[in-house]
Amino acid sequence: MALSVGSKKIKTAVFISGTGSNLKSLIKFSKLKKSPISINLIVSNNPKSKGLKYGKRFKIKSKFFNYKKKSIAEKKIILELKKNKINFICLAGFMKILSKNFIKSFKGKILNIHPSLLPRFKGLNTHERVIKNNETYSGCTVHFVNSKLDSGKIILQKKVKINKNDTPRTLSKKILIQEHKLYPKAILKIFNL
Ligand code: GAR
């Protein structure tokens, strides 16, 4: 199914695991007239995600799914997505890998943000590895999700300069500021807006 923008905004779910700062920036963006998406559901695999507070604050339905058994969690998530007529998914710091079947059922409709200049530094502990490798630049990437980790088609990237005294923590902070701008931009781009 192709993505299309009619007069109504596309019902979107944001998947999180932690702080949810990208979720917050996406909620703010979704409220703008120019946004093609509305955020109607927040999914978390972690009941302690700080990001879940944004569900309460912005009155968006939020649900925790227990990932002890991934296949069961995914089945429950798919039911919830259908129930809420969700047609688009933004992964925002979601630290679980979606199954091939899940991705197939939302083909071309799942985006992810990753805190590196993909295809470099896929996977976890990105900032630690970037600093250990003495890189002079890092950044962030918004991409479509396919069945290979952090490998789907790249939509947009933003470069960030690394200073000599940067630590994984300071780098993460600098990159997050750019992530909050890049995700909305990438959404506008895929809808040709
Ligand atoms: C972000 O930096 C995001 O790019 C990263 O987790 C952080 C979540 O922050 N995602 C990944 O590493 C995915 N592999 P947030 O919860 O404040 O949005």
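Note that ligands are numbered from 1 as they come in the structure, with each ligand's atoms numbered from 1 the same way.
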Contact (N/O only, under 3.5 Å) between Asn112 and ligand 1: no
query: Can you name the one residue among Thr12, Leu81, Leu111 that meets side-chain contact (heavy atoms from CB on, under 4.5 Å) with Ile89?
result: Leu81
- request: Identify the protein heavy atom lying closest to atom 4 (O) of ligand 1, giving its residue, its atom name and the separation to 0.1 Å.
  value: Glu179 OE1, 2.7 Å
query: Should Glu135 and Arg129 count as an ion pair when the cut-off is N to O under 4.0 Å?
result: no
field: Ring-face cation contact, Phe88 with Lys11, 6.0 Å cut, 45° max
entry: no
query: Is the shortest side-chain N to carboxylate O distance from Lys174 to Asp166 below 4.0 Å?
result: yes
- prompt: Salt bridge or not for Lys158 and Glu179, using N-O below 4.0 Å?
  reply: no
- request: Identify which of Gly93, Ser172, Ser21, Cys140 has a heavy atom lying nearest to atom 6 (O) of ligand 1.
  value: Gly93
message: In the structure I gave you, are the side-chain heavy atoms of Ile187 and Cys90 within less than 4.5 Å of one another anywhere?
response: yes
message: Please list, in number order, the atoms of ligand 1 under 4.0 Å from a heavy atom of Thr19.
response: 16 (O), 17 (O)
- prompt: Do we get Lys159 above Tyr137's six-membered ring, with its NZ or CZ under 6.0 Å from the centre and within 45° of the axis?
  reply: yes
- prompt: Under 3.5 Å, N or O to N or O, is Gly20 touching ligand 1 that way?
  reply: yes
- request: Give the residue and atom name of whichever protein heavy atom lies nearest to atom 14 (N) of ligand 1, and the separation in Å to one decimal.
  value: His114 ND1, 3.5 Å
Atoms in ligand 1 flagged as close to Ile113, the criterion being non-hydrogen separation under 4.0 Å: 4 (O), 10 (N)
- line: Numbered in order shown, the ligand 1 atoms found under 4.0 Å of a heavy atom of Leu176 are 1 (C), 2 (O), 9 (O)
task: Look at ligand 1 and say whether Met95 reaches it with a heavy atom at a distance under 4.0 Å.
output: yes
- prompt: Please state which protein non-hydrogen atom is closest to atom 5 (C) of ligand 1 and give its distance, to 0.1 Å?
  reply: Pro115 CD, 3.8 Å
